[in-house]
Protein chains: 2
Amino acid sequence: MGKKTTIYDIAKKLNITAATVSRALNDNPRVSQATKELVVKTAAEMNYEQNRLALALKSGKSMNVGVIVPYINRNFFSTIIRGIEEELYPMGYHVIICQTHDEAKREKETVQNLLNAQVDGILMSLATDSEGEEHFKQVLKKNVPLIFFDRKKNVVGASSVCIDDFLGGFEATQHLIEQGCKRIAHLALNRSLDVYKNRFEGYRKALKKNGLEFNEQYIIELESDFEAGKEAAEKLMKLDPPPDAIFSATDHGALGAIKYIKSKGVKIPDQVCVVGFSNEPFTQFMEQSISSVDQSPLEMGKKAARVFLEQLEQKGKEKIVKEVVLTPKLEIRQSSLRNI
Amino acid sequence: MGKKTTIYDIAKKLNITAATVSRALNDNPRVSQATKELVVKTAAEMNYEQNRLALALKSGKSMNVGVIVPYINRNFFSTIIRGIEEELYPMGYHVIICQTHDEAKREKETVQNLLNAQVDGILMSLATDSEGEEHFKQVLKKNVPLIFFDRKKNVVGASSVCIDDFLGGFEATQHLIEQGCKRIAHLALNRSLDVYKNRFEGYRKALKKNGLEFNEQYIIELESDFEAGKEAAEKLMKLDPPPDAIFSATDHGALGAIKYIKSKGVKIPDQVCVVGFSNEPFTQFMEQSISSVDQSPLEMGKKAARVFLEQLEQKGKEKIVKEVVLTPKLEIRQSSLRNI
DNA sequence: TTGTAAGCGTTATCAC
DNA sequence: GTGATAACGCTTACAA
């Protein structure tokens, strides 16, 4: 009934041995055409299906990879996961997903769990407060490829796929300057993460290059959500003089800021230009669309998967670490485009 | 180096047998406190980690569940997955995700793959063109719990977690009628899927109940995307008389319709009221927010996971099939709220 | 309290 | 071309 048929069942039925059945099913050349056909036919009749678990135990390859992200339902991450899945599915791999809830503790735990589950690789994005690298070292010591995407950490032996956040921050700011903005504020996120730090540094670089003064008051560090963006904008607009542009390290921050600013009757982009980061779908849906830096998450996921596959091939040989850097693309929309 | 330590390694080191090590690690009462401590300590020193694969093969439980959706990066689905993961993580289960790309062929293939991988359960949402139920029967025959969420199929033995789409469609339409709308159009999706069929039926029921005429011309069947919504609105607005309200079975359809209608200078909600379905995040972000029917995907995912867990407990006993129906919640926003 | 041995479902290495 | 057997790492009767 609920019993699953094994190669032994087939063997017994045909009065041959399990080894032969296995060979026949794997199209081994050293088995006669006749038995091969017979076995295949019988297997089908008996509804036989290979037990990947047994195969995994035997071969040492589970054909599973673990993917760890802060939250699965953030469009950026789910799109990366989609990319990973689409690249790995044809190769017979399954994708196990885990969330850290952006907590270091969960991150460690999850890495451990995945190792126990014998995944063939781990692709992940750091938790904001990620600390230590002992758990990453564990992964590498077990010879399991470790690939960071987006939020990476420099761990010897680990690979990474990111965009050039510095460039993204630079171009966004440069664009604002070209619109005539002189007092550009920045909504930053936790700068212990490279991605956010780099966006910030790119912003600074653009200011410097254009001879604009860096004003500490114009920097607000916030959480990634909508409400935080509103509050930040409130603080900023009370300054004298208030900024005439905002470059937000996240789209949700930009959205919150825009909502607040508009509610005060201040015109966008005429009085304040705004650029976000991530190119979340909603940025283009808005009646007044929001400029944003695209991170090509689908490509990022696919690339990360490809790096994983490459690492596998080098198993045994000298491990080659890859550091892929994708190019961000600034999408200029209504929130920052002045008629000049 | 890359070698993983097994209980045999520990046993050898301590001059005891693997069985004892296993018992010690599992806190079996029939092993002396002394050895227990020694084993645990040594295991830690040797960086031992349990191989879940071996355990899985032995026990017949992989501690993995498979989740199948059309696309992972659709907010509705990724949020369901989040719910599933959060409910199952504490129980030690891992979630394997697969996409069908909304294709029947991939659906069958994927179900098969997951069975081979020996998942302990399958939670899924149908592909639009899903056909046959042989693959679902296979799952049940293997005694693997099968739980549909959202897009379900009535298969004997399978459970389901859905919202009451009929009610959702009914309430959305009723609301439009209460706003004074008389000629209500409906953007439908492929009605071979229950969810869309039910939304449509709910719409019809509301018309009927209020004595409004059902007009075939006001029904447009489309794909789920933005562009399709635009085209549909274009067709509708050319009718004489054009509709004074649109109930769309998807938010993207509603968005496209709104964009088109506004581009023609027609006022929303004054001349045309619009209600969508799914309560996608962007519906509330819009400057003119969009009314929509919430499906509580997080809750749906969690509930599906709980149904799975319940099914496990009943293993062996008579299988109890659950059909959970969640209540939709109409979020009334600016796109359909008139000042009356 | 601990050891022995079988078994989960495969595949690989020998033989014959 | 096919069969026997060991092995992957773990748990669990059954013995001792």
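Each chain gets a letter, A, B and so on, in the order the sequences are listed, and its residues count up from 1.
Among the protein residues, A:I7 comes within range of the nucleic acid bases, having at least one heavy atom under 4.0 Å from a base atom. Residue A:S32 is classed as a sugar-phosphate contact, given heavy-atom separations below 4.0 Å to backbone atoms only. Residue contacts for B:Q33: at a heavy-atom cut-off of 4.0 Å it reaches no nucleic acid atom on any strand shown. As judged by a 4.0 angstrom heavy-atom cut-off over every strand, B:L53 is placed among residues making no nucleic acid contact.
When all heavy atoms of B:H135 and B:V111 are compared, the pair lying nearest together is O-CG1, 3.8 Å.
Here D:dT11 presents its P atom at 12 Å from CG of A:L57, a figure rounded to the nearest Å. Rounded to whole Å, atom P of C:dT10 lies 19 Å from atom NZ of A:K61. Rounded to an integer number of Å, the gap from CG of A:N15 to C1' of D:dT2 is 13 Å.
A salt bridge is defined here as a Lys NZ or Arg NE, NH1 or NH2 lying under 4.0 Å from an Asp or Glu carboxylate O, and B:K142 with A:E49 meets this definition.
Taking for each of B:A54 and B:R23 the nucleotide of DNA chain D with the nearest heavy atom, the 5'-most of the two is the partner of B:A54.
Looking at A:R52, its side chain has no donor and acceptor atom pair within 3.5 Å of the base of C:dG9. Evaluation of atom-type donor-acceptor distances gives no pair under 3.5 Å for the side chain of A:K58 against the base of C:dT10.
For the OP1/OP2 pair of C:dT2 and a distance below 4.0 Å, the side-chain nitrogens and oxygens of B:T35 include at least one atom meeting the criterion. Contact annotation: A:Y8 side-chain N/O to C:dT11 OP1/OP2 distance is not under 4.0 Å.
Cation-pi check for B:R82 over B:F77 is not met; the charged atom does not lie both under 6.0 angstrom from the ring centroid and within 45 degrees of its normal.
Inspection of the A:Y71 and B:E86 side chains reveals no N or O donor paired with an N or O acceptor under 3.5 Å.
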